[in-house]
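Both counts, for ligands and for their atoms, begin at 1 and track the order of listing.
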Amino acid sequence: MTLPLTLSSEVAEATANGGAIVALESTIITHGMPWPQNLETARSVEATVRSAGAVPATIAVLNGRLHVGLEGDQLEQLAQAKDVAKVSRADLAVCMASGGNGATTVAATMIAAQLAGIHVFATGGIGGVHKGAETTFDISADLQELAQTPVTVVAAGAKAILDIPKTLEVLETLGVPVISVGQDNMPAFWSRDAGLRAPLRMDDAAAIAAAHRMRVALGLPGGQLVANPIPVPAEIAADTLAPIIAQAQAEAEAQGVAAKAVTPFLLKRIFELTDGSSLVANIALVLNNARLAAAIAREITASG
Ligand code: PSU
Ligand code: MN
């Protein structure tokens with residue numbers, strides 16, 4: 001069968017001309033942010049990628065077709081839709097085969113990016129090992145994906161709702177390079193410092209692009225996680241967030257929230273408990289990641 005894959009016109013053109021492209025996920029639009037900030041953010045992320053000299057490729061499943069780059073009002077339709085599935089590696093084929101609509105997680109976005117020949121992807125924060133995973137076994141499929149799909153993912157670290165030390169342990173086991181940008185410590189999504197050292201550090205886009213190319217030359221499967229700290233003016237101190245995260249966590253547990261619903265539930269509760277300031281920080285860090293991802297994509301394409 002032929003794969004129902006559609007490239008947007010600007011992505012098709014950039015692919016043909018060897019231009020720099022940055023993949024963008026859509027779960028953050030449908031399950032990570034409330035309307036209308038989700039649409040505004042998706043648009044400003046695309047604009048940021050363009051002004052940094054690359055082409056944005058927002059990825060989603062629409063009526064069973066895998067779209068790499070959305071046209072016209074597709075972004076708005078997605079941002080307003082209520083019936084969109086959260087699609088990870090396990091769900092992608094079923095969603096497409098049944099003609100459904102799906103928002104891609106980090107894992108599914110990496111799969112689509114690789115199919116389209118895109119090397120770099122920007123998001124907010126990846127999924128990881130949840131707190132209490134020793135009893136729930138809740139570990140995001142994003143980690144396995146980083147181990148097997150060769151895409152460099154720029155995020156502000158793993159979301160602070162996760163168990164960051166355990167997430168780093170699993171990434172080490174899976175052979176995924178975790179590269180902190182411009183500082184020794186890991187960032188923690190809304191905060192710049194997770195209080196523990198990152199496994200690796202690099203200070204600019206050219207160095208990260210060189211490491212990406214070297215992995216390809218070595219024939220290593222899997223991608224890189226680039227942990228880009230939130231800009232100083234936008235950060236929320238880890239101490240301020242810790243009790244709020246703990247409360248959201250306790251509520252999730254008490255209400256029996258499990259599996260795919262955990263991350264969206266926690267993000268929504270933290271948004272409410274911080275009177276929206278978590279969202280302001282989230283938007284700032286996504287834009288910051290889009291800028292860096294565009295620079296890395298340009299470096300990778302410039303050196304063939
Ligand atoms: N980053 C954000 N907001 C989000 C997500 C990431 O700033 O909503 C999404 C991503 O799509 C990520 C997913 O892949 O959350 C992780 O979900 P889970 O923990 O269920 O694997
Ligand atoms: Mn999970």
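The proximity of M33 to ligand 1, defined as any non-hydrogen pair under 4.0 Å, does not occur for either the backbone or the side chain. In V106, the parts holding a heavy atom less than 4.0 Å from any atom of ligand 1 are both the side chain and the backbone. Contacts between N282 and ligand 1, counted as non-hydrogen atom pairs separated by less than 4.0 Å, involve the side chain only. With a 4.0 Å cut-off on non-hydrogen atoms, T105 touches ligand 1 through its backbone as well as its side chain. When heavy-atom distances to ligand 1 are checked against a 4.0 Å cut-off, L267 comes that close only through its side chain, counted from C-beta outward.
Residue T104 places no N or O, backbone or side chain, under 3.5 Å from any N or O of ligand 1.
Residue G124 approaches ligand 1 through these ligand atoms, each under 4.0 Å from one of its heavy atoms: 7 (O).
Looking at V129, V176, V106 one by one, the single match for side-chain contact (heavy atoms from CB on, under 4.5 Å) with L143 turns out to be V129. Checked options I270, T274, V280; the residue passing with W190 is I270 (criterion: side-chain contact (heavy atoms from CB on, under 4.5 Å)).
For E172, the CD atom sits in a loose shell: 12 or fewer heavy atoms of surrounding residues, nucleotides or ligands are nearer than 6.0 Å.
Of all N, O or S atoms in D138, the one lying closest to the Mn ion (ligand 2) is OD1.
Contact detail for T149 and M110: the closest heavy-atom pair is O-CE, 3.4 Å.
Scanning K86, H31, K159 for the heavy atom closest to atom 17 (O) of ligand 1 points to K86.
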